[in-house]
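Everything below concerns the one structure shown next.
By convention in this document, chain letters (A, B, ...) are assigned in the order of the sequence lines, proteins followed by strands, and residues within each chain are numbered from 1.
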Protein chains: 2
Amino acid sequence: MILKSQVEWALHCCAILAGLPDGRYLSTKALAEFHGLPKEYLSKALQSLSQARLVDSTLGPSGGYRLSRPPAEITFLDVVEAVEGKERSFVCNNIRANNPCRPEGYCDAGPCAIARIMWDADEAWRASLRAVTLAMLVQSLEKDVPPALWRESFEWVMKRVG
Amino acid sequence: MILKSQVEWALHCCAILAGLPDGRYLSTKALAEFHGLPKEYLSKALQSLSQARLVDSTLGPSGGYRLSRPPAEITFLDVVEAVEGKERSFVCNNIRANNPCRPEGYCDAGPCAIARIMWDADEAWRASLRAVTLAMLVQSLEKDVPPALWRESFEWVMKRVG
DNA sequence: TCCAATACGGATATCGTTTATCCTTATTGG
DNA sequence: CCAATAAGGATAAACGATATCCGTATTGGA
């Protein structure tokens, strides 16, 4: 059970978009170059973000993507779910229904105990991701990345911004 | 990102094994019949449990599986990790290393902020699973399942127990 | 002692998902 | 009008999940 690499890509891209000046767009090409990723395939991840309304896009030269809301209002969960989907990681196939002792037409009152427990864990995972915003991510990154590299990266992006 | 169905199977099988009288074994065949599962493939899941030392097995007629510890000492996480592996669900490919602004031979101090946050969520998931034991599961099930069905299922199993 | 039932592990096949590329279309700034 | 872009469909390769089959070793019971 491994998350798609597109989740990682989308998060890194969102981190860049969160640092953009208000209203400016950055293209798939620039994002792919900056992260060393295949442009065509990264494009699919960005389209997922777009469909989830996390980013706006424009066409034409100097087109690209920007966040549709302030970074403080976009959570990790938003991004992860945009790419990975909202389905729970545990799927209950209700195999208890195959119990040979069951009377015909027996109907279960609710989800089985195993599913409830697994779904609780899933919700704990989601709650953890919901607690972190892109604004917090940028803060963390700024603390981690040496100031010189931070500045150069910003300038690299600004040269390509629409 | 969906957990293998073997996780579900293993948990249901553990629930049955947890209800067995001390020292008795139940075969793959019986477990497969009870849950309506393909015997050969279920066998792989049980082998995973065996390799993780969660269950003991014996060969020969009246052979099968039993829990290797009291149900209160086996957690959901034990079972999930036995089948699914202990690897984290988020894999960091360190794509920040592709940043074109990086000086040659630059070395990162630690894992990147995105990985840390994703791994925190993973740990929240694991902590949630670690908090629930098979003993607690059996308690839940006994509350959910009607007494008649509970009793009949127990007898069904006891007829096949080694 | 022999037989049948079992766990175990290797080999193989099938299927779906992820990853990736290519191409067409519509849009837009210069 | 042109070039750059997002969007999305079609396709294929690679991989993991699912599933089956078979051979081996072990063991309880006849």
Between [X] ([atom1]) and [N] ([atom2]), how many Å, whole number?
X	N	atom1	atom2	value
A:Glu8	C:dT19	CD	P	11 Å
A:Leu3	C:dT17	CG	P	16 Å
A:Ile2	C:dT19	CD1	C1'	15 Å
B:Arg66	C:dA7	CZ	P	14 Å
B:Tyr65	C:dA5	OH	P	18 Å

Approximate separation, where rounding is to 0.5 Å, of [X] [atom1] and [Y] [atom2]:
X	Y	atom1	atom2	result
B:Ile114	A:Leu141	CD1	CG	6.0 Å
A:Leu54	A:Leu17	CG	CG	10.5 Å
A:Phe76	B:Asp120	CZ	CG	10.0 Å
A:Leu11	B:Phe90	CG	CZ	6.5 Å
A:Ser57	A:Gln47	OG	CD	9.0 Å
A:Gln6	A:Cys13	CD	SG	10.0 Å

Checklist outcome for this item: Counting primed atoms, P, OP1 and OP2 as sugar-phosphate and everything else as base, the B/S/- map of nucleotides 24-30 of chain C against protein heavy atoms under 4.0 Å is ---BBB-

So, the side chain of [X] versus the backbone of [Y]: is there a donor-acceptor pair under 3.5 Å, distance only?
X	Y	result
B:Glu8	A:Asn93	yes
A:Arg102	A:Arg96	yes
B:Thr75	B:Val132	no

Next on the checklist: Which residues pass the side-chain contact (heavy atoms from CB on, under 4.5 Å) test with A:Pro100, not counting sequence neighbours?
Outcome noted: B:Phe34, B:Trp156

Please collect all side-chain hydrogen bond (donor to acceptor under 3.5 Å, both in side chains) contacts where either partner lies in [range], sequence neighbours excluded, each pair once.
range	value
residues 81-91 of chain B	B:Glu81-B:Lys86, B:Glu81-B:Arg126, B:Ser89-B:Asp122
residues 23-40 of chain B	B:Tyr25-B:Arg66
residues 133-150 of chain B	A:Arg116-B:Asp144

Checklist entry - To the nearest 10 degrees, what angle separates the axes at the start and end of the helix from C:dT1-D:dA30 to C:dG30-D:dC1, five pairs each? => result 10°

Checklist entry - Touch check for B:Gly64, heavy atoms < 4.0 angstrom, all strands: base, sugar-phosphate only, or nothing? => result sugar-phosphate

Checklist outcome for this item: Taking every heavy atom of B:Ala121 against every heavy atom of A:Trp125, the minimum-distance pair comes out as O-CD1, 3.3 Å

Checklist entry - Taking for each residue the nucleotide of DNA chain D with the nearest heavy atom, is it B:Lys39 or A:Gly63 whose nucleotide lies nearer the 5' end? => result A:Gly63

Item to check | Interface with DNA chain C, restricted to residues 79-97 of chain A and to heavy atoms under 4.0 Å | outcome: none

Checklist entry - Which residues, if any, of residues 24-32 of chain B bring a heavy atom under 4.0 Å of DNA chain C? => result B:Ser27, B:Thr28, B:Lys29

Item to check | CA sep, side-chain torsions, deciding dist, call: B:Val79, B:Ile74, side chain to side chain contact (heavy atoms under 4.5 Å, CB included) | outcome: CA-CA 8 Å; B:Val79 178; B:Ile74 298 179; 4.1 Å; yes

Next on the checklist: Using side chain to side chain donor-acceptor pair (under 3.5 Å), reason through A:Ser153 and B:Asn99 one step at a time and then give a plain yes or no.
Outcome noted: CA-CA 8 Å; A:Ser153 300; B:Asn99 182 336; 3.0 Å; yes

Checklist entry - For B:Arg69, which residues count as a side-chain hydrogen bond (donor to acceptor under 3.5 Å, both in side chains) partner, sequence neighbours excluded? => result B:Asp78

Checklist entry - Taking only residues two or more places apart in sequence or in another chain, which ones pass side-chain hydrogen bond (donor to acceptor under 3.5 Å, both in side chains) with A:Glu123? => result A:Arg130

Item to check | Members of residues 41-48 of chain B that approach DNA chain D, where some heavy atom sits under 4.0 Å away | outcome: B:Tyr41, B:Lys44

Checklist outcome for this item: Outer limits of DNA chain D sitting under 4.0 Å from a non-hydrogen atom of chain B, read 5' to 3', are D:dA17 to D:dG28

